[in-house]
S.K.: 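Input: one structure, supplied below.
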Amino acid sequence: MSKLPSPISRLLHHRTQGLKKGDPVSLPIMASSTFVLAGDPDGSHFYGRNGNPTIEEVEAEIGILEGGEAVLFPSGMAAIASVFFGYLRPGDTVLVHSDGYYNVRALLDTQFVPIGVKVRTCPTADMITADMTGCRLVMIETPSNPGLAVCDIAKVAERAKAAGALLVADNTTATPIGQQPLDLGADLVVMADTKAMAGHSDVLAGHVASRDSALLKPVRTWRRLAGAIVSPFDAYLLHRGMATLELRLSRANANAMAAAEALRAHPAVSAVNYPGLTNDPSHEVAKRQMRGFGPIVSFTLANRKTAEKFIENNPLIVAATSFGGVHTSAECRIRWGDDVPEGFIRLACGIEPTDDLVSSLTRTLDSLG
Ligand SMILES: *Cc1c(COP(=O)(O)O)cnc(C)c1O
């Protein structure tokens with residue numbers, strides 16, 4: 001009985017601990033922009049841009065999963081923007097993944113390059129040998145999207161530290177259940193909670209987390225001044241989704257593993273990327289730093305037409321972008337201009353029973369002719 005409860009148990013019971021007779025068991029949505037404030041401010045709630053009890057409860061729950069402190073945002077990009085706007089100044093250099101989430105580079109190119117911030121890029125797989133000299137921030141995304149390349153977070157953290165740079169890790173694909181970048185030496189974690197954390201394709205949200213409160217200060221200041229505040233209704237949806245995060249992810253990860261194996265064995269498939277496959281170039285590092293290999297598999301069919309037909313014909317696949325939801329979804333990434341073959345598909349596994357999903361994939365591939 002001396003064993004400490006896991007983060008999931010602590011998350012589930014974080015609020016219930018303090019409840020009194022007659023209190024609601026579920027989290028109340030405090031839909032109030034203003035709070036009673038007579039006399040001088042004294043640290044209590046007074047205005048929604050500065051603080052809201054529903055949002056703060058959800059931040060505390062995310063903090064339990066991260067083993068740190070978390071600041072919530074209305075989207076993953078707002079969370080990432082808070083780090084860039086909080087930290088980058090003219091003359092600074094930032095090193096960022098060249099093969100991860102595209103909008104991160106677009107934000108830097110649009111808002112920061114014109115004011116004199118220098119941007120260097122590097123493929124995820126090469127981050128451990130990248131030149132970090134003179135960098136203010138280094139940003140990694142592992143596994144990267146959509147190619148699912150992996151880098152050794154602990155090694156990258158060591159090198160970033162030696163170079164005097166802060167390491168920011170986008171942990172959207174793995175989630176804190178699958179990987180703990182803060183344990184491995186990252187200074188800040190950013191996440192799109194829109195994906196698996198909320199998990200039902202019904203809300204946009206994001207967060208920044210750290211073990212060092214001081215590092216979150218510029219992030220909090222930017223949030224307050226720029227007004228990037230999540231709505232308490234959306235914070236509630238995230239809270240509700242996180243309660244089942246571990247359950248959903250264990251099914252989705254098992255589905256992805258089984259799907260990757262079935263795809264690899266099928267003659268219509270020319271390549272499969274999944275860190276869980278023992279012959280994948282990312283497997284050794286992923287095995288060391290991840291628990292489960294995530295819900296996304298990417299693979300390549302003969303051409304775009306075949307790939308579109310596969311997505312359209314499979315009854316258990318929704319043709320949609322994004323991932324981390326309860327339904328399996330897929331898309332041809334060439335439509336976004338990614339540097340991938342024509343027939344490259346990103347398959348985002350949902351929580352369907354594994355046998356159903358795998359047999360639907362195999363049947364659809366068989367029918368392509
Ligand atoms: C979706 C995503 C984001 C952006 O999140 P939004 O909530 O859409 O703003 C950032 N990073 C990664 C890896 C993502 O998948």
S.K.: Minimum heavy-atom separation for Pro24 and Arg15, please, with both atom names.
M.R.: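 Scanning both residues completely, I find the closest heavy atoms to be O-NH2, 3.0 Å.
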
S.K.: Using atom types as modelled and distance alone, determine if a side-chain donor or acceptor of Thr194 lies under 3.5 Å from a backbone N or O of Ala205.
M.R.: yes

S.K.: Check whether any side-chain N or O of Ser360 sits under 3.5 Å from a backbone N or O of Leu357 as a donor-acceptor pair, and report yes or no.
M.R.: yes

S.K.: Taking only residues two or more places apart in sequence, or in another chain, which ones meet Tyr236 in a ring pair (Phe, Tyr, Trp, His ring centres under 6.0 Å)?
M.R.: His239

S.K.: Is it the case that the side chain of Asn171 and the backbone of Gln179 share a donor-acceptor pair, with hydrogens and angles ignored and the cut-off at 3.5 Å?
M.R.: yes

S.K.: Does the side chain of Val230 come within less than 4.5 Å of Val58's, by heavy atoms?
M.R.: no

S.K.: For Asp92, what residues pass the side-chain hydrogen bond (donor to acceptor under 3.5 Å, both in side chains) criterion, not counting sequence neighbours?
M.R.: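 In terms of side-chain hydrogen bond (donor to acceptor under 3.5 Å, both in side chains), with neighbours along the sequence ignored, Asp92 is linked to no residue.
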
S.K.: Is it the case that atom CD in Glu57 sees more than 12 heavy atoms from other parts of the structure closer than 6.0 Å?
M.R.: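 Yes - once you tally the heavy atoms of other residues, nucleotides and ligands closer than 6.0 Å, there are more than 12.
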
S.K.: Between the side chain of Gln289 and the main-chain N/O of Pro181, is any donor-acceptor distance below 3.5 Å?
M.R.: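 Absent.
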
S.K.: Please check if the number of heavy atoms outside Asp355 that lie under 6.0 Å from its CG is greater than 12.
M.R.: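 No - once you tally the heavy atoms of other residues, nucleotides and ligands closer than 6.0 Å, there are 12 at most.
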
S.K.: Can you confirm whether more than 12 heavy atoms, excluding those of Arg240, are under 6.0 Å from its CZ atom?
M.R.: no

S.K.: Mind telling me whether His283 and Phe293 have parallel, tilted or perpendicular rings, with 30° and 60° as the class edges?
M.R.: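 Rings of Phe293 and His283: tilted, 30 to 60°.
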
S.K.: Please indicate whether His327 has more than 12 foreign heavy atoms, meaning atoms of other residues, nucleotides or ligands, lying under 6.0 Å from its NE2.
M.R.: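 Not more than 12 within 6.0 Å, no.
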
S.K.: In the structure I gave you, are the side-chain heavy atoms of Phe84 and Trp222 within less than 4.5 Å of one another anywhere?
M.R.: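 Contact flag for Phe84/Trp222 side chains = no.
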
S.K.: Write down the atom of Ala286, the atom of Pro275, and the distance for their closest heavy-atom approach.
M.R.: CB-CB, 3.8 Å

S.K.: Judged by atom type as modelled, is there a donor-acceptor pair below 3.5 Å linking the side chain of Thr300 to the main-chain atoms of Phe344?
M.R.: no

S.K.: Could you give the distance from CD1 (Ile55) to CD1 (Ile29), rounded to the nearest 0.5 Å?
M.R.: 11.5 Å

S.K.: With a 3.5 Å distance limit and no angle check, can you tell me whether Asn255 reaches the backbone of Glu352 through a side-chain donor-acceptor pair?
M.R.: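 Pair found, side chain donor or acceptor close to backbone of Glu352.
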
S.K.: Is there side-chain contact between Thr124 and Val150, with at least one heavy-atom pair below 4.5 Å?
M.R.: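 Thr124 vs Val150: side chains apart.
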
S.K.: Are Arg251 and Leu247 packed together at the side-chain level, in the sense that at least one heavy-atom pair is separated by less than 4.5 angstrom?
M.R.: no

S.K.: Kindly check if the number of other-residue, nucleotide or ligand heavy atoms within 6.0 Å of CD (Glu56) is above 12?
M.R.: yes

S.K.: Report yes if some heavy atom in the side chain of Met257 is under 4.5 Å from a heavy atom in the side chain of Leu277; otherwise report no.
M.R.: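 Yes, side chains in contact.
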
S.K.: Any non-hydrogen side-chain atom of Leu65 less than 4.5 Å from a side-chain atom of Met197?
M.R.: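 Touching, per the 4.5 Å side-chain cut-off.
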
S.K.: For Asp339, does the CG atom sit with more than 12 other heavy atoms under 6.0 Å from it, leaving out its own atoms?
M.R.: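 Atom CG in Asp339 is not packed in, count stays at 12 or less.
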
S.K.: Between Arg223 and Ile229, is there a donor-acceptor pair closer than 3.5 Å when you use the side chain of the first and the backbone of the second?
M.R.: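 Not at all, since once roles are kept as given, no pair shorter than 3.5 Å links the two residues.
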
S.K.: Are Met139 and Ile80 packed together at the side-chain level, in the sense that at least one heavy-atom pair is separated by less than 4.5 angstrom?
M.R.: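 In contact.
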
S.K.: Should side-chain heavy atoms under 4.5 Å link Ile, Leu, Val, Met, Phe, Trp and Tyr, which residues sit in the same cluster as Leu167?
M.R.: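 Noted: Leu167 shares its cluster with Leu95, Met127, Ile128, Met132, Val138, Ile140, Ile153, Val156, Leu184.
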
S.K.: Tell me if a side-chain donor or acceptor on Asn52 pairs with a main-chain N or O of Met30 at a distance below 3.5 Å.
M.R.: yes

S.K.: Kindly give the heavy-atom pair with the smallest separation between Thr362 and His266, and that separation in Å.
M.R.: O-NE2, 4.2 Å

